[in-house]
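Protein chains get the first letters and strands the later ones, always in sequence-line order, with residue 1 at the start of each. What's counted below: heavy atoms across the whole structure, side chains too, no hydrogens, waters or symmetry copies.
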Protein chains: 2
Amino acid sequence: MASPVAALHEARTSVGARRSEATEAAVLEAFVELLAEVGYAAITMEAVAKRARAGKATIYRWWPTKAYIALSLISKAKVELPTPQGLSLRSDLIDYMTRVLGMWRGDAGLPVGVLVRHCYAEAWSDPALAAALQSERLERWTLLNDMLQSARDRGELPAETDLARAKDFAMSWPLYLLMTDQVPEPDAIARMVDDTLNGLRAGLSRPPSPDT
Amino acid sequence: MASPVAALHEARTSVGARRSEATEAAVLEAFVELLAEVGYAAITMEAVAKRARAGKATIYRWWPTKAYIALSLISKAKVELPTPQGLSLRSDLIDYMTRVLGMWRGDAGLPVGVLVRHCYAEAWSDPALAAALQSERLERWTLLNDMLQSARDRGELPAETDLARAKDFAMSWPLYLLMTDQVPEPDAIARMVDDTLNGLRAGLSRPPSPDT
DNA sequence: CTTGCAAAACGAAACGTTCCGTTTCATATA
DNA sequence: TATATGAAACGGAACGTTTCGTTTTGCAAG
């Protein structure tokens, strides 16, 4: 299960030294530090290399653009999400969103939301990055998918609910709030979840109702 | 009603030569051409100046960054939206979204969605741009606001609906689809609107329901 | 098992190139 | 007189590549 970024590189065909994990870690760490110090836009590959004591060639060898470094960090930031309790969709969602939004906000030190925003923007002019982002998205939200499926099985959602679409729909409202600098404080997350639930419960895959 | 970008320089009180509208138009036109030719990321102020036969100093005089040029274009792209029919919220929304998504997609020649995405990303590291974007957003979606208010007056939405929040909510699903390269084709817009309507009709400002 | 060798990755430095954002100049407009 | 403009030139920064010498790895010959 390679990360989307690592998947860009083929398996070894011949002998030789292996990729240095120490260097990779140093690069990512340097990027995080620079992000906090100068902001995403002002980060240069040159500065990352210097800070990480890595050769520029080495960095370009593994990451075509700084957006790919950001994507590496996004991929690494996903492991800490808990398993859903399965008591109710609402409580599961509140639990899930609380952690996701906290991660975006940077409660664990790294403001992942900043990286997400820039990655999406750059992906528009970089099809390969867009593809990597999409697979990252699919992999990341499996937990949300399980959550919705359980809820459907329990009868909390209409039986004909399109899970993939429901998953996207459930993330659209939080992502909008991220994009517009309105990420809810913890005490407002329940309200956000309820907004989304109204849409989900009504049945997301229903055929269009007749006009007027 | 100056655009957010122009408003940055509106306070000019001097007596001398005035800003050249011809130059402004040439710069915007050059930007549009370059966007189609090389993509947003590859656009440089240098190339814009050369293409527009404008001095670099002149461009920096009016637009601090290329993101502000993009914002100027976004602001100019909003005039063509029609007035809502007021027959039903659903038909109004379909009408509105069809035009907005067409504009994003670039049906009128300029793919505004690309500009929107990059502007939002850059706004994260540029508070002034973020503020300009927000006021742009407020101004742009007044039509949507009217639409929702009419629907609430007609009883199509709960009386206690928070219009500002409903407006944001209604745009979040389309914007997510824009960000993830899934902008619906015209025949799928009705479905998208229905998804949103389910959330709206249930009452967006209801107090949170009790746990489980 | 040991030794040798080719393949690969690495840090470091240097390279030409492009773009940045500013400054200078002469000219045009109010 | 005050300001805006096009054009040109500027130093500086970052780009992305290329070189170099060194280290790590796998395989194959001895």
Side-chain angles (χ1 to χ4, degrees), chain A residues 2 5-6 8-31 34-35 37-70 72 118 122 125-126 128-129, chain B residues 2 5-6 8-31 34-35 37-70 72 118 122 125-126 128-129:
Chain A
V5 173
L8 294 175
H9 302 279
E10 300 289 327
R12 298 172 62 84
T13 61
S14 171
V15 296
R18 294 175 184 161
R19 178 175 189 181
S20 162
E21 275 133 23
T23 296
E24 179 180 2
V27 168
L28 296 181
E29 189 184 341
F31 194 95
L34 288 170
L35 181 65
E37 290 173 21
V38 302
Y40 184 93
I43 294 179
T44 66
M45 298 294 251
E46 205 120 20
V48 173
K50 186 175 180 182
R51 174 74 61 106
R53 293 178 179 238
K56 278 169 63 180
T58 302
I59 296 188
Y60 282 109
R61 173 88 178 78
W62 300 108
W63 297 279
T65 310
K66 65 176 177 173
Y68 287 83
I69 306 182
S72 286
H118 279 93
E122 293 187 32
S125 359
D126 181 345
L129 179 60
Chain B
V5 173
L8 294 176
H9 299 277
E10 200 175 15
R12 185 169 61 85
T13 57
S14 60
V15 189
R18 296 172 184 165
R19 177 175 189 182
S20 161
E21 276 132 22
T23 296
E24 179 179 4
V27 168
L28 296 181
E29 188 184 343
F31 195 96
L34 288 170
L35 182 64
E37 289 173 22
V38 302
Y40 184 93
I43 295 179
T44 65
M45 298 293 251
E46 204 120 19
V48 173
K50 185 176 180 182
R51 175 74 61 106
R53 291 179 179 241
K56 280 169 62 181
T58 303
I59 295 187
Y60 282 109
R61 173 90 177 75
W62 301 108
W63 297 280
T65 309
K66 66 176 177 173
Y68 286 83
I69 306 182
S72 286
H118 279 94
E122 294 186 32
S125 359
D126 181 345
L129 179 60

Novice: Would you say dA4(D) has OP1 or OP2 under 4.0 Å from some side-chain N or O of S20(B)?
Specialist: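 It does not, given that no N or O in the side chain of S20(B) lies less than 4.0 Å from OP1 or OP2 of dA4(D).
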Novice: Before accepting this row, confirm whether a basic side-chain N of the pair E46(B)/R51(B) lies closer than 4.0 Å to the acidic partner's carboxylate O.
Specialist: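 No salt bridge links E46(B) with R51(B).
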Novice: Does any donor-acceptor pair link the side chain of K56(B) with the base of dG6(D) at a separation under 3.5 Å?
Specialist: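 Answer no: no donor N or O sits under 3.5 Å from an acceptor.
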Novice: Nearest-Å distance, CE (M45(B)) to P (dT22(C))?
Specialist: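 Distance, rounded to whole Å: 10 Å.
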Novice: Taking OP1 and OP2 of dG6(D), is either one under 4.0 Å from a side-chain nitrogen or oxygen of T58(B)?
Specialist: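 For T58(B), the contact criterion (side-chain N or O under 4.0 Å from OP1 or OP2 of dG6(D)) is met.
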Novice: For Y40(B) and A67(B), which heavy atoms make the closest approach, and how far apart are they?
Specialist: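 Residues Y40(B) and A67(B), closest heavy atoms: OH-CA, 3.5 Å.
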Novice: For R53(B) and dT27(C), what is the distance between atoms CZ and P respectively, to the nearest whole Å?
Specialist: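 It is 19 Å, rounded to the nearest whole Å.
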Novice: It should be established whether R61(B) places a side-chain nitrogen or oxygen under 4.0 Å from OP1 or OP2 of nucleotide dA4(D).
Specialist: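 Answer yes for this pair, as a side-chain N or O of R61(B) is under 4.0 Å from OP1 or OP2.
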Novice: Tell me the interatomic distance from E46(A), atom CD, to dC20(C), atom P, rounded to whole angstroms.
Specialist: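 Between P of dC20(C) and CD of E46(A): 16 Å.
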Novice: Establish, for the pair R19(B) and W63(B), whether the NZ or CZ atom is under 6.0 angstrom from the six-membered ring centre and no further than 45 degrees off its axis.
Specialist: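 Yes, R19(B) and W63(B) form such a contact.
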Novice: Expressed as a whole number of angstroms, how long is the span from I43(A):CD1 to dA13(D):P?
Specialist: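 After rounding, the gap between these two atoms is 18 Å.
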Novice: Provide the closest heavy-atom pair for L28(A) versus S72(A) in the form atom of the first, atom of the second, distance.
Specialist: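 It is CD2-CB, 3.9 Å.
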Novice: Name the nucleic acid region contacted by A57(B), choosing base, sugar-phosphate or nothing; use a 4.0 angstrom heavy-atom cut-off, strictly under.
Specialist: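 Base: the residue A57(B), judged by heavy atoms under 4.0 Å, touches a nucleobase.
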Novice: Just how far, in rounded Å, is C1' of dG16(D) from CD1 of I69(A)?
Specialist: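 Going from I69(A) (CD1) to dG16(D) (C1'), I get 14 Å.
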Novice: Heavy atoms only: give me the nearest A30(A)-V48(A) pair and the separation to one decimal.
Specialist: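 So the minimum-distance heavy-atom pair works out to CB-O, 3.9 Å.
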Novice: If you assign each of A42(A) and G55(B) to its closest nucleotide in DNA chain D, which residue comes earlier from the 5' end?
Specialist: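 Its nearest nucleotide lies further toward 5', so the answer is G55(B).
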Novice: Can you tell me how far P of dA8(D) sits from NZ of K50(B), to the nearest Å?
Specialist: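 Between P of dA8(D) and NZ of K50(B): 11 Å.
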Novice: Is the shortest side-chain N/O distance from W62(B) to OP1 or OP2 of dT5(D) below 4.0 Å?
Specialist: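 Answer is yes, contact under 4.0 Å.
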Novice: Give the nucleotide from the list dA4(D), dC27(D), dG16(D) with an atom nearest to the side chain of V15(A).
Specialist: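 That would be dC27(D).
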Novice: For dA9(C), take OP1 and OP2 only and decide whether either is under 4.0 Å from a side-chain N or O of T23(A).
Specialist: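 Result: no.
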Novice: To the nearest Å, how far apart are E24(B) CD and dA4(D) P?
Specialist: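 Rounding to the nearest Å, CD of E24(B) and P of dA4(D) are 14 Å apart.
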Novice: Starting at atom CD of E21(A), determine the distance to atom P of dC10(C), rounded to an integer number of angstrom.
Specialist: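 That distance rounds to 10 Å.
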Novice: Of the nucleotides dT22(C), dG16(D), dA9(C), which has the atom closest to the Y60(A) side chain?
Specialist: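 Within the option list, the nearest is dG16(D).
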